[in-house]
2 protein chains.
Amino acid sequence: MDKMKERKLSILRAIIQDYIITAEPIGSRTIAKKYNLGVSAATIRNEMADLEEMGLLIQPHTSAGRVPSEKAYRLYVDQLMQIKKLDEIVEKSIRDSYKQYVEQIEKSIELTAKLLAQLTSYTSLVLTPEIRSLNCKLVQLIRIQDERILMVIITKENVVKNHEIVLSQSVEEAELTKLTNILNYFIKDLDISMINSELIKEIDQLSIKENQFLQDIISNLKNVLLDSDNKNTLYSNGMTNLLNYPEFNDIDKVKHFLEIFQEKQTIAELLKNYANGTHIVIGNENTISQFKDCSLLTATYQFNGQNLGTIGVVGPIRMNYDHVVSVLAFLSQELNKQINQNRYSKNTDER
Amino acid sequence: MDKMKERKLSILRAIIQDYIITAEPIGSRTIAKKYNLGVSAATIRNEMADLEEMGLLIQPHTSAGRVPSEKAYRLYVDQLMQIKKLDEIVEKSIRDSYKQYVEQIEKSIELTAKLLAQLTSYTSLVLTPEIRSLNCKLVQLIRIQDERILMVIITKENVVKNHEIVLSQSVEEAELTKLTNILNYFIKDLDISMINSELIKEIDQLSIKENQFLQDIISNLKNVLLDSDNKNTLYSNGMTNLLNYPEFNDIDKVKHFLEIFQEKQTIAELLKNYANGTHIVIGNENTISQFKDCSLLTATYQFNGQNLGTIGVVGPIRMNYDHVVSVLAFLSQELNKQINQNRYSKNTDER
DNA sequence: CCTTAGCACTCGACCTTATAGAGTGCTAAC
DNA sequence: GTTAGCACTCTATAAGGTCGAGTGCTAAGG
């Protein structure tokens with residue numbers, strides 16, 4: 001009984017692996033010949049009929065071979081696949097490419113998107129850290145012109161964010177310096193959630209005008225940190241990679257798929273649902289209609305143990321899951337190293 | 001003689017305008033019926049034969065109608081087309097959308113890309129200002145950590161640019177403030193080309209350490225202003241729009257076309273060739289192979305009379321030239337207003 | 001001499017039909 | 001339980017046929 005089941009699984013695995021490569025329905029003969037399972041095509045045929053009954057295989061039509069169902073892929077990724085380590089040479093070359101961007105988070109993240117697409121031949125999705133999840137290290141106010149000022153926010157993770165503010169009245173250079181100092185005195189190392197009205201009260205001893213400025217600025221700061229416009233952005237690469245796969249031979253499908261990439265915010269929102277651990281989302285398990293014909297694999301990267309963002313790959317359901325999982329694991333690990341190295345040294349021990 | 005030529009041109013215009021809409025070879029009957037030229041199909045047939053001999057029309061095969069050649073489009077845009085003003089209502093709604101981003105150059109430019117794509121149903125290309133062409137108003141140095149500092153550059157046009165610098169040794173807060181002041185004293189209102197070694201000599205009276213910092217910073221500043229990595233970036237919108245047109249029904253064409261959009265720098269370089277006035281580049285007149293099947297229309301936007309960047313539209317050769325020209329003209333004009341308004345008021349009168 | 005109606009001709013688009021072959025399910029023998 | 005054999009199914013591909021839009025040419029008319 002168990003042995004039989006074993007054989008069924010072997011056959012299923014063979015079919016899936018073959019289909020991932022060929023994208024064409026697999027017949028019993030093919031399996032019997034290519035994979036040495038020690039049984040004849042007829043036996044395999046019987047097993048395949050069983051597997052079909054179990055909802056794991058689908059026959060496009062009577063006289064065609066069989067194709068794995070989404071349920072089969074689910075089974076495959078949960079139980080059947082064996083993840084291999086990446087090639088040493090590949091790993092080395094990846095590490096080398098990261099080296100050129102040491103300490104440059106943004107660049108490293110962008111690179112990750114490029115590498116993901118290159119290494120998998122699918123489409124990569126990489127979410128940048130959401131600034132609300134970070135901790136302010138420093139806020140600098142710079143006078144642009146009259147009542148327009150630039151607010152530069154630097155987080156502990158050394159992520160930099162600019163934001164222009166228009167105040168209700170003109171501000172002088174000296175005043176701004178003072179405001180910057182006050183702001184930093186209170187804000188330094190604070191979590192966003194602690195920047196609240198109490199803070200404003202604490203600084204009531206300032207002149208009315210300065211107080212007004214500060215309120216303006218703080219409300220802007222909160223907006224930057226919390227608002228939609230400044231949410232995490234998405235890097236994506238290799239959109240055209242998918243056009244190489246026969247499942248995207250249909251122009252309408254391509255259009256439907258590419259359109260979602262015009263609205264990157266939607267994808268960003270989606271990825272945020274997978275903000276911890278790794279996920280494999282197959283076909284109709286996807287909530288976004290554009291991804292119903294695709295599979296999405298995700299992993300995350302961290303700073304100081306805290307999740308910063310999600311990296312992922314979209315491809316056809318007939319995806320090389322083993323390989324993508326390896327690539328994601330390795331890249332997320334390298335990106336972690338890249339972000340975390342040397343950062344504990346001085347300023348970030350307290351908390 | 002001249003009258004005959006007149007009729008030929010009318011027929012050609014009719015064919016082109018019809019083909020722009022239908023994308024199908026036009027027969028003599030169609031022209032005779034749809035466009036009241038007062039002559040019979042037979043006459044038109046004769047004229048069409050002439051036009052073909054002149055290289056202005058092409059017959060896909062013997063028993064098909066005729067299609068305009070690229071030469072015909074060239075003639076059309078040079079002599080035949082009549083540009084109409086945009087609809088008042090449309091113009092108003094465009095102006096309204098700009099209003100939300102008053103004084104925010106970057107946002108306004110992004111909006112322009114979006115509007116261009118929406119209004120034309122083609123793909124838009126919008127180049128941001130190249131910072132080298134701008135004039136520094138202010139440079140602010142912010143200490144991130146140890147020897148890492150952030151350089152924020154603000155130009156007269158209020159374009160903001162960040163750049164991280166790693167110095168050869170650690171720097172203190174106070175030192176950095178001093179350096180910022182020195183830098184600004186010299187740099188203010190200077191054209192990039194004037195930030196040179198002479199400047200460095202002028203400040204030789206500083207301590208060796210500070211001098212070293214300053215040299216580091218200035219060389220970095222020059223890099224930002226001149227280097228490839230900081231060249232103008234490209235906004236693009238409506239890439240999928242083109243998939244609606246029958247000339248892009250071929251997956252391979254789509255792939256070929258979309259691939260160039262992965263390498264935006266190439267397109268940016270291309271657009272820089274059209275940095276003044278308006279241009280219409282038809283089909284094989286394009287230097288980029290990906291655009292050989294397309295036409296590219298460009299215009300520019302200015303600050304204080306100086307060209308800042310290029311805006312453009314790519315679409316099928318069978319493009320609605322009249323309309324695109326109108327849209328480009330209007331948007332470039334509105335973008336100009338948006339950028340130039342209120343900016344002369346205070347700081348930018350000298351020069 | 002230019003214009004136009006008439007007509008035979010051309011050729012791709014599309015539909016129909018025929019054929020080949022991959023793959024199946026079933027049966028009977030091992 | 002496994003396997004060889006075989007009739008059957010169904011798609012993909014090719015081949016042939018028809019239709020119609022559009023042409024070029026000719027000859028008649030203003």
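Below, chain A is the first sequence line, B the second, and so on; all start at residue 1.
Comparing atom distances between the A:His61 side chain and each of D:dC10, D:dC6, D:dT23 picks out D:dC10 as nearest. Checked against D:dC10, C:dG25, D:dT3, the side chain of A:Ser40 finds its nearest nucleotide in D:dT3. Ranking D:dT3, D:dC10, C:dC26 by closeness to the A:Arg45 side chain, first place goes to C:dC26.
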B:Tyr122 vs B:Asn320, side chain to side chain donor-acceptor pair (under 3.5 Å): CA-CA, chis, key distance, verdict: CA-CA 10 Å; B:Tyr122 301 125; B:Asn320 191 338; 5.5 Å; no
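Contact record, A:Pro246 with A:Arg318: CD-NH2, 3.7 Å, taken as the closest heavy-atom pair. Here the shortest heavy-atom pairing between B:Arg7 and B:Val39 reads NH1-CG1, 3.6 Å.
Summarising the geometry, the separation between CD1 on B:Ile26 and P on D:dT23 is reported as 10 Å, rounded to the nearest angstrom. Rounded to whole angstrom, the span from the CD1 atom of B:Ile44 across to the P atom of C:dT4 amounts to 9 Å. With rounding to whole Å, A:Ile11 atom CD1 is found 13 Å from D:dG1 atom C1'.
For DNA chain D, the residues of residues 63-72 of chain B within the heavy-atom distance limit of 4.0 Å (strictly under) are B:Ser63, B:Ala64, B:Gly65, B:Arg66, sorted by number.
Remark on DNA chain C: of its neighbouring residues A:Thr30 and A:Asn46, the 5'-side contact belongs to A:Thr30, judged by nearest-heavy-atom nucleotide.
To the nearest 0.5 Å, atom NZ of residue B:Lys253 and atom CG of residue B:Leu258 are 13.5 Å apart. Atom-to-atom distance recorded for B:Ile280:CD1 and B:Leu297:CG is 4.5 Å, nearest 0.5 angstrom.
Between A:Arg7 and D:dT2 there is a side-chain polar atom (N or O) within less than 4.0 angstrom of OP1 or OP2. In this structure, A:Thr43 reaches the D:dT3 phosphate: one of its side-chain N or O atoms is under 4.0 Å from OP1 or OP2. Between A:Ser28 and C:dT24 there is a side-chain N or O to OP1 or OP2 distance below 4.0 Å.
In this model, no side-chain donor or acceptor of A:Arg29 finds a partner on the base of C:dG21 within 3.5 Å.
Using cut-offs of 30° and 60° on the angle between ring planes, the pair A:Phe257 and A:Phe248 is perpendicular.
Not a single donor-acceptor pair under 3.5 Å links the side chain of B:Lys114 to the backbone N or O of B:Ser236.
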